[in-house]
Structure formats: structure tokens, C-alpha cells
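One structure below.
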Amino acid sequence: QVQLVESGGGLVQAGGSLRLSCAVSGRTFSNDAMAWFRQRPGAEREFVATISGNGARTYYTDSVKGRFTISRDNAKNTVYLQMNSLKPEDTAVYYCAAAPLGPNGVVVVATLIDYWGQGTQVTVSS
């Protein structure tokens, strides 16, 4: 019953912007920390950004700080990742993820994730 469905991926030029969305169903959305992870070919899935259930806390990996913004709209059961100043090294499959950490928790490791989306491809050309 629990589903996370990403959308918004695509092909953009370096320096451009893209906004990813993740629609969640089948859970009490406000109780879950949400996160975005990404995976490049031949690499392990890596943490990108996280946001607490109440939206008050966010955390980013160093490589995206100042460029990416994670947000959520609990009324719409949706989490977003606004990506600006995109670089070719941002190219990856991006995955939405949920962890049952209550309203204040954030999650930065994949082993704590209970639910994953199917992924959406982001390609940044140079």
C-alpha cells in the first residue's frame, strides 16, 4: 500500500535547474523523515538531502549545499528537491526515501530507509 512516486527528472545543461517531486501514499506522512539519495553507474547509492517530518530540520551532503533545497508539503503528502546550478557530476538516478523517525528526525544513511521510490533519472550535460 505504501508508495513513493518520483517525477521531474530529465536532461538539463550545466548551470540549469530541475525540481524533483515525490508523492507519498499509504503512510502518515508527517511522522516520516524524508530524504533524497542518488546513484551513479557503478557507484553505491549516496545521501543527498533529508528533511524532518515537521519540516523544521534539513541536512545536505557537502557537494550540494547552496545549490539544492529539500522541502515538503505535508498537506499534499509530497516532498521536493529543487536543484539549481546543476553540474555534470550531479548526473544520477535520484531516489525518494522515507524513514519512520517521527516528526523531528532526519536520516542520512540508506540502512535506515524503510521505503524507496522507483527513481528518476537526472542527466546534466556539459
Side-chain angles (χ1 to χ4, degrees):
Q1 185 177 2
V2 177
Q3 286 189 292
L4 284 66
V5 181
E6 300 101 331
S7 61
L11 174 64
V12 298
Q13 291 185 333
S17 297
L18 207 60
R19 190 191 195 198
L20 306 183
S21 298
C22 174
V24 180
S25 62
R27 288 194 58 81
T28 304
F29 183 68
S30 62
N31 287 341
D32 285 351
M34 300 297 298
W36 291 93
F37 290 75
R38 65 187 180 188
Q39 189 166 24
R40 302 178 180 88
E44 294 183 345
R45 193 168 298 184
E46 64 179 353
F47 167 77
V48 177
T50 184
I51 185 167
S52 60
N54 59 16
R57 299 175 64 200
T58 60
Y59 187 78
Y60 303 87
T61 192
D62 285 346
S63 64
V64 308
K65 287 180 179 177
R67 300 189 298 119
F68 290 11
T69 302
I70 188 170
S71 62
R72 66 194 295 160
D73 186 339
N74 286 356
K76 296 181 178 180
N77 282 15
T78 302
V79 63
Y80 306 94
L81 186 67
Q82 177 67 46
M83 303 184 294
N84 298 328
S85 301
L86 283 162
K87 303 175 180 179
E89 52 262 45
D90 295 319
T91 295
V93 177
Y94 283 71
Y95 295 91
C96 181
L101 302 180
N104 299 316
V106 293
V107 56
V108 300
V109 293
T111 53
L112 295 180
I113 299 299
D114 277 13
Y115 304 101
W116 294 95
Q118 82 286 355
T120 186
Q121 177 71 47
V122 171
T123 302
V124 184
S125 65
S126 59

Between [X] (side chain) and [Y] (backbone), is there a donor-acceptor pair under 3.5 Å?
X   : Y    : value
T91 : V124 : yes
R19 : G8   : no
T50 : V107 : yes
E6  : Q118 : yes
R67 : S85  : yes
D32 : M34  : no
N74 : G53  : yes
T69 : Q82  : no

[X] [atom1] to [Y] [atom2] distance, which is reported to the nearest 0.5 Å:
X    : Y   : atom1 : atom2 : answer
Q121 : Q39 : CD    : CD    : 11.0 Å
F68  : T58 : CZ    : OG1   : 14.0 Å
D114 : R27 : CG    : CZ    : 6.5 Å

Audit row: E46, T61, side-chain contact (heavy atoms from CB on, under 4.5 Å) steps and yes/no = CA-CA 9 Å; E46 64 179 353; T61 192; over 6 Å; no
Could you tell me which non-hydrogen atom of [X] sits nearest to which non-hydrogen atom of [Y], and how far apart they are?
X    : Y    : result
S126 : A14  : CA-CB, 4.4 Å
V122 : G9   : CG2-CA, 4.2 Å
R57  : G105 : NH1-CA, 4.1 Å

For a side chain to side chain contact (heavy atoms under 4.5 Å, CB included) with R72, tell me which candidate from I51, T78, N54 qualifies.
->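 Single side chain to side chain contact (heavy atoms under 4.5 Å, CB included) partner of R72 among I51, T78, N54: I51.
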If you count the non-hydrogen atoms of other residues, nucleotides and ligands that lie under 6.0 Å from CD in Q3, is the total more than 12?
-> no
Atom OH of Y59: over 12 foreign heavy atoms under 6.0 Å = no
Ignoring hydrogens and angles, state whether a donor on the side chain of S17 or N84 is under 3.5 Å from an acceptor on the partner side chain.
-> yes
Scan residues 97-126 for pairs that pass disulfide (SG to SG under 2.5 Å), counting only residues two or more places apart or in two chains.
->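 Those involving residues 97-126 do not exist here.
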Could you give all pairs that pass the disulfide (SG to SG under 2.5 Å) test and reach residues 22-124, with sequence neighbours left out?
-> C22-C96
Determine, step by step, whether I113 and F37 satisfy the side-chain contact (heavy atoms from CB on, under 4.5 Å) criterion, reporting the C-alpha distance in whole Å, the side-chain angles of both residues, the deciding distance to 0.1 Å, and the verdict.
-> CA-CA 10 Å; I113 299 299; F37 290 75; 4.0 Å; yes
Membership question, hydrophobic clusters at under 4.5 Å side-chain separation (ILVMFWY): are [Y] and [X] in the same one?
X    : Y    : result
L112 : W116 : yes
Y115 : V5   : no
V64  : L18  : yes
V2   : F29  : yes
V106 : Y94  : no

After noting the C-alpha distance and the side-chain angles of Q13 and L86, does the key distance pass the side-chain contact (heavy atoms from CB on, under 4.5 Å) rule?
-> CA-CA 8 Å; Q13 291 185 333; L86 283 162; over 6 Å; no
Are any non-hydrogen side-chain atoms of V79 and W36 less than 4.5 angstrom apart?
->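 A side-chain contact exists here, since the closest heavy-atom pair is under 4.5 Å.
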V93 versus Y95: any side-chain heavy-atom pair under 4.5 Å?
-> yes
Should K87 and D90 count as an ion pair when the cut-off is N to O under 4.0 Å?
-> no
